[in-house]
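Taking it in order: structure first as structure tokens, then the write-up.
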Amino acid sequence: MLNKYLRDAAIGLVMAAAALAATAQPAKAKLVLPAVSILFAPVYIAQDAGYFKDAGVDVEISQLAGPAALNALIGGSSDFTTIAGLIQLRAAQRGQKTLAIAGLQENATTEIVLSAATAERLASAKTPMDRARALKGLTLAVDAANGLPHAYLRFVARQASIDADRDIRLVFIAPPGMDAALQKKEVDGFVFSSPFTLEAVRRGAHLWISGPRGDFPEVNPTTYNVLVARDGFCRSATATCRHMVGALDRSLALIAAEPQKALALLSKRFEKMDPELLKQAFESFQRNTPARSMPMGTAFQHTVDVMFGPQDDKAALKALAKSLYTDDFVGSGK
């Protein structure tokens, strides 16, 4: 009888230990990024500093260019992305809904660079508006159709009464190849963000229009970078969503309070980049980045106002936007 009791007790302890081990296992999540960019520094830092793991989430990070990152969520092959809310809205117009759960940046930091020869030819254009008008007839590279750089170019062009898709010749090139195309004179310029724009400028290109410099500040606040979950994921994995936001908040806090530590972490991720170039890109990013994740209502409404064209039903888009984000995880992701 005693042996049976001991045996049952031992089995119970083993089962309890197994159950405890199972609950201690980190949740798994897949996060896909739309490009290699300093813009995604909070994600890189959360991964490399162990913030995701500390929060109890084992995050697998991959990359798909431009809007394809959001398509991975829509297709169910990924759980999260960080991307512009404008792209999320465009997908929702087609019935492809996702949920933004944290605002990571509201200031547009996209830039337009031109070759030295093109900039010299257009040197009479001094103001941002004059420079926007001068884009007419040029050949410019963006990374993907309907991606964020394409949308920013459309916004800038509209300020000068230009149709970016009709009055500018667009070429679609992955960011690492943009400066090479510029050097080969295959394009007059390109639209992207640092470090690619800074690198081109260091090689002689001209910074023509710059979000970080304050050209066209009326674009802000915008949903420039938001953490997006696939539809329904945060209902079934609420804790995982909360922990993801918490880990990214730690990254944002580090960037704000201890920038040198943040830059040191990024230096390992961007080890092939010139250190001074990375430092410049990081400093520009830091100036435009909040110290913690942000509510998104105002940014989504303003995104509709300025980033969508006159052909769009903005009232309907604003109503749709309200169903595409929640601030429930902002400020509670601990």
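Position 1 is the first residue of the sequence; numbering continues from there.
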Yes or no on side-chain contact (heavy atoms from CB on, under 4.5 Å) for L140 and L114, after CA distance, side-chain angles and deciding distance? CA-CA 9 Å; L140 300 179; L114 299 184; 3.9 Å; yes
Between atom CD of Q260 and atom CZ of F282, what is the distance when rounded to the nearest 0.5 Å? 7.5 Å
Using side-chain contact (heavy atoms from CB on, under 4.5 Å), reason through L89 and M307 one step at a time and then give a plain yes or no. CA-CA 11 Å; L89 266 167; M307 293 291 275; over 6 Å; no
Do T223 and T303 have side-chain N/O donor and acceptor atoms under 3.5 Å apart? yes
In terms of heavy-atom contacts, V330 and P295 come closest through CG1-N, 3.9 Å
Donor-acceptor check, side chain of R158 to backbone of V306, threshold 3.5 angstrom: yes or no? yes
Whether D48 and K268 form a salt bridge (side-chain N of Lys/Arg under 4.0 Å from carboxylate O of Asp/Glu) is what I want to check. no
If you take all heavy atoms of Y152 and D215, which pair is closest and at what distance? OH-O, 4.1 Å
When L104 is tested against each of D249, L248, V245 for side-chain contact (heavy atoms from CB on, under 4.5 Å), which residue passes? L248
Would D79 and K30 satisfy salt bridge (charged side-chain N to carboxylate O under 4.0 Å, His left out), going step by step from the backbone distance to the final call? CA-CA 5 Å; D79 306 309; K30 294 182 178 180; over 6 Å; no
Any salt bridge (Lys or Arg N to Asp or Glu O under 4.0 Å) involving residues 296-312? Give me the pairs, sequence neighbours left out, ordered by first then second residue. R90-D312, D305-K318
Distance check, rounded to the nearest 0.5 Å: L135 atom CG versus D188 atom CG? 10.0 Å
Connected via hydrophobic side-chain network under 4.5 Å: M244 and M294: no
What pairs of residues pass the disulfide bond (SG atoms under 2.5 Å apart) test when at least one of them lies in residues 188-234, not counting sequence neighbours? C234-C241
In this structure, CD of Q301 is separated from CG of L317 (nearest 0.5 Å) by 10.0 Å
Taking D274 first and then R202, would you say they form a salt bridge - that is, a charged N and a carboxylate O separated by under 4.0 Å? yes
Might you work through the side-chain contact (heavy atoms from CB on, under 4.5 Å) test for F52 and D58, ending with a clear yes or no? CA-CA 7 Å; F52 285 136; D58 181 6; over 6 Å; no
Closer than 3.5 angstrom, by distance alone: can the side chain of H302 be matched with the main-chain N or O of E218 as a donor-acceptor pair? yes
I'd like to know whether CZ of R169 has more than 12 heavy-atom contacts from other residues, nucleotides or ligands below 6.0 angstrom. no
Is it the case that over 12 heavy atoms from other parts of the model lie below 6.0 angstrom from the CD atom of E276? yes
Indicate the atoms forming the closest heavy-atom contact of L39 with F285, along with that distance. O-CE1, 3.6 Å
Here the pair of heavy atoms bringing K97 nearest to S323 is NZ-OG, 3.2 Å
Kindly compute the distance separating CD (E106) from CG (N220), expressed to the nearest 0.5 Å. 8.5 Å
Distance check, rounded to the nearest 0.5 Å: I112 atom CD1 versus S210 atom OG? 9.5 Å
What I'd like to find out is whether the side chain of S78 reaches to under 4.5 Å of the side chain of F233, using heavy atoms alone. no
Given side-chain contact (heavy atoms from CB on, under 4.5 Å), test T82 with L33 step by step and report yes or no. CA-CA 6 Å; T82 70; L33 295 175; 3.5 Å; yes
Other than I173, which residues form its hydrophobic cluster under the rule that side-chain heavy atoms must be closer than 4.5 Å? V113, V171, M178, L182, V187, F190, F192, F196, V201, L207
Determine whether a donor-acceptor pair (N or O, by modelled atom type, separation under 3.5 Å) exists between the side chain of T81 and the backbone of V32. yes
For D143 versus P175, what's the shortest heavy-atom pair and its separation? CB-CD, 4.0 Å
Angle between ring planes, F216 versus F155, binned at 30° and 60°: parallel, tilted or perpendicular? perpendicular
D54/R250 under salt bridge (charged side-chain N to carboxylate O under 4.0 Å, His left out): CA gap, chis, key distance, verdict: CA-CA 11 Å; D54 289 349; R250 287 186 68 184; 3.1 Å; yes
Can you see which heavy atom on G85 is nearest to which on V226, and at what distance? N-CG2, 4.0 Å
K314 atom NZ: more than 12 heavy-atom contacts under 6.0 Å: yes
Look at the rings of Y44 and F40 and say which category their plane angle falls in: under 30° parallel, 30 to 60° tilted, over 60° perpendicular. perpendicular
Taking L198's backbone N and O only, do any of them form a donor-acceptor pair with Q280's side chain (distance below 3.5 Å, no angle check)? no
Indicate yes or no for a side-chain donor-acceptor contact from E199 to the backbone of L277 under 3.5 Å, with no hydrogens or angles considered. no
CG/L73 to CZ/F80 distance, rounded to the nearest 0.5 angstrom? 8.5 Å
